[in-house]
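In what follows, a single structure is set out as structure tokens and then discussed.
All values below come from the heavy atoms of this structure, side chains included, with hydrogens, waters and symmetry mates left out. Chain identifiers are assigned alphabetically (A, B, ...) following the order of the sequence lines, protein sequences preceding nucleic acid strands; residue numbering begins at 1 within each chain.
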Amino acid sequence: AQKVTQAQTEISVVEKEDVTLDCVYETRDTTYYLFWYKQPPSGELVFLIRRNSFDEQNEISGRYSWNFQKSTSSFNFTITASQVVDSAVYFCALISGSARQLTFGSGTQLTVLP
Amino acid sequence: DGGITQSPKYLFRKEGQNVTLSCEQNLNHDAMYWYRQDPGQGLRLIYYSQIVNDFQKGDIAEGYSVSREKKESFPLTVTSAQKNPTAFYLCASSSPAGLASGNEQFFGPGTRLTVL
């Protein structure tokens with residue numbers, strides 16, 4: 001069975017603050033993939049990153065960075081110097097080798113205030 | 001431009017009526033998916049299809065039906081048997097290798113269905 005937990009339902013920050021969105025996952029498989037998606041107010045999900053279970057190297061893309069730690073089953077997402085345009089719902093998702101479908105967390109609503 | 005289209009963006013129906021949501025993709029993806037999203041919740045899988053003329057139930061298939069007669073199209077019918085159909089519906093597709101290889105899903109803009 002797969003499970004993704006995003007314990008933070010809503011987060012509000014002031015522009016230029018750094019913010020970290022938490023994601024904890026559960027799977028019995030050793031081969032799996034983790035994803036982060038962004039859902040702006042328009043509704044369409046936008047793919048941000050994919051990470052496989054064999055690659056624990058952290059990744060940075062502009063103001064975005066991801067911290068993957070298998071020891072704690074976490075795949076956290078940090079936005080540095082947040083901007084109002086970062087306001088959205090962010091979803092973490094998992095697929096493991098034995099499953100044929102993504103399992104999504106419940107999402108974190110991020111509001112960046114000007 | 002390649003992508004996924006869903007129509008209409010907003011849909012209103014009377015209780016007891018069946019309604020069909022459209023999903024079309026021109027990404028040449030073999031796999032297609034339908035999700036339901038309720039306020040404050042994540043996405044829940046309704047149905048998915050790995051190839052033409054084949055589809056499988058997801059976690060919440062009751063009250064829904066699908067067809068996959070063409071690679072590009074995966075319409076979803078919300079039947080009168082669905083107890084609480086008002087929700088936001090998202091269609092997605094993935095590359096020919098499918099999700100098991102880790103390829104990401106691409107999503108359409110969604111259809112917001114309101115049953116009156």
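Residues of residues 107-116 of chain B lying under 4.5 angstrom from chain A, judged on non-hydrogen atoms, are B:F107, B:G108, B:P109 in numerical order.
By the rule that hydrophobic residues join a cluster once side-chain heavy atoms approach within less than 4.5 Å of another member, A:L34 and A:Y90 end up as members of one cluster. Under the 4.5 Å side-chain heavy-atom criterion for grouping Ile, Leu, Val, Met, Phe, Trp and Tyr, B:M32 is connected to B:I46 within one hydrophobic cluster. When the side chains of ILVMFWY residues are joined at heavy-atom separations under 4.5 Å, either directly or via intervening members, A:I79 and A:L45 end up in two distinct hydrophobic clusters. Using a 4.5 Å cut-off between side-chain heavy atoms of Ile, Leu, Val, Met, Phe, Trp and Tyr, with links allowed through other members, A:W36 and A:V24 fall into different hydrophobic clusters. A:I49 and A:L94 fall within a single hydrophobic cluster, where Ile, Leu, Val, Met, Phe, Trp and Tyr side chains are chained together by heavy-atom contacts under 4.5 Å.
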Next item on the list: Start with the C-alpha gap between A:Q39 and B:F88, add the side-chain angles, then the distance that decides, and say whether side-chain contact (heavy atoms from CB on, under 4.5 Å) holds.
Entry: CA-CA 13 Å; A:Q39 186 178 39; B:F88 186 54; 3.7 Å; yes
Next item on the list: Apply the test side-chain contact (heavy atoms from CB on, under 4.5 Å) to residues A:T103 and B:L45: give CA-CA distance (whole Å), side-chain angles for both, the deciding distance (0.1 Å), then the verdict.
Entry: CA-CA 8 Å; A:T103 295; B:L45 184 67; over 6 Å; no
Notebook entry, point to check: Please walk me through it: do B:E104 and A:Y33 pass side-chain contact (heavy atoms from CB on, under 4.5 Å)?
Noted result: CA-CA 9 Å; B:E104 69 269 23; A:Y33 292 84; over 6 Å; no
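Taking OH from A:Y37 and CD from B:Q105, the interatomic distance works out to 5.5 Å, rounded to the nearest 0.5 Å. Taking CD of A:E44 as the start and CZ of B:F106 as the end, the distance is 11.0 Å to the nearest 0.5 Å.
Atom CZ of A:F54 is surrounded by more than 12 heavy atoms from other residues, nucleotides or ligands within 6.0 Å. Heavy atoms of other residues, nucleotides or ligands lying less than 6.0 angstrom from NZ of A:K3 number 12 at most. Heavy atoms from other residues, nucleotides or ligands lying under 6.0 Å from CD of A:E56 number more than 12.
Taking A:G105, A:S42, A:A93, A:S106 one by one and counting their heavy-atom pairs under 4.5 Å with chain B, the maximum is reached by A:S106. The candidate from B:Q6, B:K9, B:Q37 with the greatest count of non-hydrogen atom pairs under 4.5 Å with chain A is B:Q37.
Within the 4.5 angstrom heavy-atom criterion, atoms from both the backbone and the side chain of B:L43 approach chain A.
For the pair B:Y33 (side chain) and A:L102 (backbone), a donor-acceptor distance under 3.5 Å is absent.
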